[in-house]
2 protein chains.
Amino acid sequence: MTSDSPHAPGKQNTLYVGALAKGLRLLHAFDESHTRLSLSELSERTGLDKSATQRFANTLHLEGMLDKDPRTRRYSPSHAWLQMAYAYYWSDTLVARAMPRLIELSQQIGETVNLAELSEDHIIYVSRLPCKRTHFAASIAGRRLPALSTSAGRVMLSTFPEAERQEALQNWPLHPYTPRTTLDRGKIADMVAQAVEQGYVISHHEMILNETSIAAPVRSPGQTAFAAVQCSVSSYSWPEERIREEILPYLQDTANSISPAPDSPEPRG
Amino acid sequence: MTSDSPHAPGKQNTLYVGALAKGLRLLHAFDESHTRLSLSELSERTGLDKSATQRFANTLHLEGMLDKDPRTRRYSPSHAWLQMAYAYYWSDTLVARAMPRLIELSQQIGETVNLAELSEDHIIYVSRLPCKRTHFAASIAGRRLPALSTSAGRVMLSTFPEAERQEALQNWPLHPYTPRTTLDRGKIADMVAQAVEQGYVISHHEMILNETSIAAPVRSPGQTAFAAVQCSVSSYSWPEERIREEILPYLQDTANSISPAPDSPEPRG
DNA sequence: AGCGTAAGTATCACGATATAATACTTAGTG
DNA sequence: CACTAAGTATTATATCGTGATACTTACGCT
């Protein structure tokens, strides 16, 4: 996996600052289930020795990237992490264009509406407008999920050229979030194939049980999609029939109305 | 300004990694109006020389923190910046408690609802639920504004002990966002004093013209507030009378229902 | 309580690694 | 098409990050 291109990390590459990379490792040590880390925990999670962890944590604290509880001596993400999201949003022109349409859509259908973007072989929820009570993870932006396990990822894939689509269907990761998450790549391929015809995906129980997810791709004609408008509803109140009547038309209209900017440099990465 | 305490930045402090701090400066170079920076622009904005900028930008790119457009060679924030926000949200227990109540509130009043937290002498919008079309800045979380210029900051201040309140009123920063932004600290003091009695603040034209902002503090009895529930509406359709009748009761109920967790370590920083 | 251990903090001599000057390459302009 | 500015690559040097060690504080156990 490690390339030896002129800019590859590690070793004697003079354009790579190891100290910075190590510092970033501390930041990545925080996630859903690791929200307040002690020095030792940080050390353990980053693989850095005690001294290094101490130096980096201290630096990040002084620079305002980590809060430190003086009582427990534990570190946690600071408000600066939110400010970074704010800066990100300004750099993502798609979000600015989509936002008013998403708000309109969420008013029309009265259900939670999301904007997802492709991020390697995952999707990331870039904007979320919760309308109903949902689980916490579904109400905050920035969540990254395996593309193949989500309706948004699947519709986007349906806009890919055949070869890339096959490649993705075979190699992109899957994760069993629920007992009913589809792990059969053949079945996923079928859904994607269907989406090529239909222009949308409806999937059930993939992320949590009794949740139905509907997605339509954001694309310029003839271009491959790198974003999708998605909507999550309760399987109890929303049989597919009702979804097709009361959600799909609005969802697809919204997705279609958010075409990429003319000079778009958007496909990120 | 520079302290010489054992952990102060710079100089010969062995617990401070300058290279990491410099790398962070690149990240902070991106904001509302600087979304895609070239190497030279980065160099200019960070004050680092060309070589240093090159090394750090390259490292951040390799580590996935900066995207690079191969066409324009410009760097921009990557999806990782959103993931950091996601991690932040899990660390902020207040958000998890507030979210369902905020959703409920936004349904009740049909207007944009925000959760703001105190961040030094600023407030930061931690969660935003836009209901109507608004300007882009008002629809995304992570925006940081001078506390004294916002209704949220003013209500929070109204819960402070007298001495701290005076200190803040004199020293916290102000910025003239509109021609009608209040810059007279005496007038702000009056509003805060009024809020002590009333438990809420209504302010007009502070951030943008014809916008009215209403806020109520989130606090445990006898504690000082470090968060507030806030709501922005059009001055045209919402005279104060109507606000007091149709928004305030719900807003205050919501704020009151979000009291800090018992063992809360929350005041950040 | 008071010991014992683990976690956090501070110090320092060493040399690996970040540095910045320089040269090379590419892209955009008149 | 030449000129200039911007981006990229290379290298010798000493700065600055390193990690071992010692000190201090917090916490659990009998």
Side-chain angles (χ1 to χ4, degrees), chain A residues 3-27 29-30 34 36-63 65-76 263 265, chain B residues 2-27 29 34 36-63 65-76 263 265:
Chain A
S3 132
D4 50 357
S5 86
H7 294 239
K11 305 234 181 188
Q12 40 264 49
N13 172 1
T14 56
L15 291 178
Y16 185 79
V17 182
L20 174 53
K22 286 180 195 166
L24 296 176
R25 276 159 74 183
L26 295 235
L27 300 182
F30 295 88
H34 302 90
R36 336 197 83 90
L37 297 175
S38 69
L39 198 63
S40 341
E41 288 165 340
L42 267 173
S43 172
E44 191 178 18
R45 283 182 61 76
T46 55
L48 299 169
D49 65 35
K50 198 167 125 178
S51 293
T53 311
Q54 182 188 190
R55 262 177 285 124
F56 291 119
N58 181 241
T59 304
L60 290 168
H61 176 52
L62 288 170
E63 293 298 324
M65 290 301 292
L66 289 179
D67 286 344
K68 184 175 185 179
D69 186 324
R71 175 161 214 78
T72 65
R73 284 136 195 251
R74 283 169 176 271
Y75 297 91
S76 57
D263 60 338
Chain B
T2 321
S3 134
D4 51 358
S5 88
H7 295 238
K11 306 231 179 189
Q12 39 265 48
N13 172 3
T14 55
L15 290 177
Y16 185 78
V17 182
L20 173 53
K22 286 179 195 168
L24 296 176
R25 277 160 73 184
L26 294 234
L27 301 182
H34 302 90
R36 337 196 85 89
L37 296 174
S38 69
L39 198 63
S40 340
E41 287 165 342
L42 267 172
S43 172
E44 192 178 17
R45 283 181 62 75
T46 56
L48 299 169
D49 66 35
K50 199 168 126 177
S51 292
T53 311
Q54 181 188 192
R55 263 177 285 124
F56 291 120
N58 182 239
T59 305
L60 289 168
H61 177 53
L62 287 170
E63 293 299 323
M65 291 301 293
L66 289 179
D67 286 345
K68 184 175 184 179
D69 185 323
R71 177 161 214 75
T72 65
R73 285 139 193 249
R74 283 169 177 272
Y75 296 92
S76 57
D263 61 336

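Worth saying up front: this structure is predicted, and the values here are computed from it rather than measured. Below, chains carry the letters A, B, ... as their sequence lines are ordered, and counting in each starts from 1.
The CZ atom of A/Arg55 sits 6 Å away from the C1' atom of D/dG17 (whole-angstrom rounding). Here the P atom of nucleotide D/dA26 and the CG atom of A/Asp69 are 13 Å apart, to the nearest Å. In this structure, B/Leu15 atom CG and D/dA20 atom P are separated by 16 Å, rounded to whole Å. Protein atom CZ of B/Phe56 is 12 Å distant from nucleotide atom C1' of C/dA20, rounded to whole Å. Regarding A/Tyr16, its OH atom lies at a distance of 13 Å from the C1' atom of C/dT17, rounded to whole Å. The CG-P distance, from B/Asn58 to D/dG7, rounds to 13 Å in whole Å.
Across residues 43-52 of chain A, A/Asp49, A/Ser51 each have a non-hydrogen atom less than 4.0 Å from an atom of DNA chain D (numbered order).
Looking only at side-chain heavy atoms (C-beta outward), B/Leu15 and A/Thr59 stay at 4.5 Å or farther from each other.
At D/dA6, none of the side-chain N or O atoms of B/Arg73 fall inside 4.0 Å of OP1 or OP2 (strictly under the cut-off). Look at A/Lys22 and you won't find any side-chain N or O under 4.0 angstrom from OP1 or OP2 of C/dA18. At the phosphate of C/dG8, OP1 or OP2 sits under 4.0 Å from a side-chain N or O atom of A/Ser40.
Recorded end-axis angle for the helix from C/dA1-D/dT30 to C/dG30-D/dC1 stands at 50°, based on five pairs per end and rounded to 10 degrees.
Interatomic distance, A/Asp69 CG to A/Arg36 CZ, rounded to the nearest 0.5 Å: 7.0 Å.
Along DNA chain C, the nucleotide nearest A/Ser38 and the nucleotide nearest B/Ala19 are compared for position; the residue whose nucleotide lies closer to the 5' end is A/Ser38.
In this view, B/Glu41 and B/Leu37, B/Ser38, B/Arg74 satisfy the side chain to side chain contact (heavy atoms under 4.5 Å, CB included) rule, not counting sequence neighbours.
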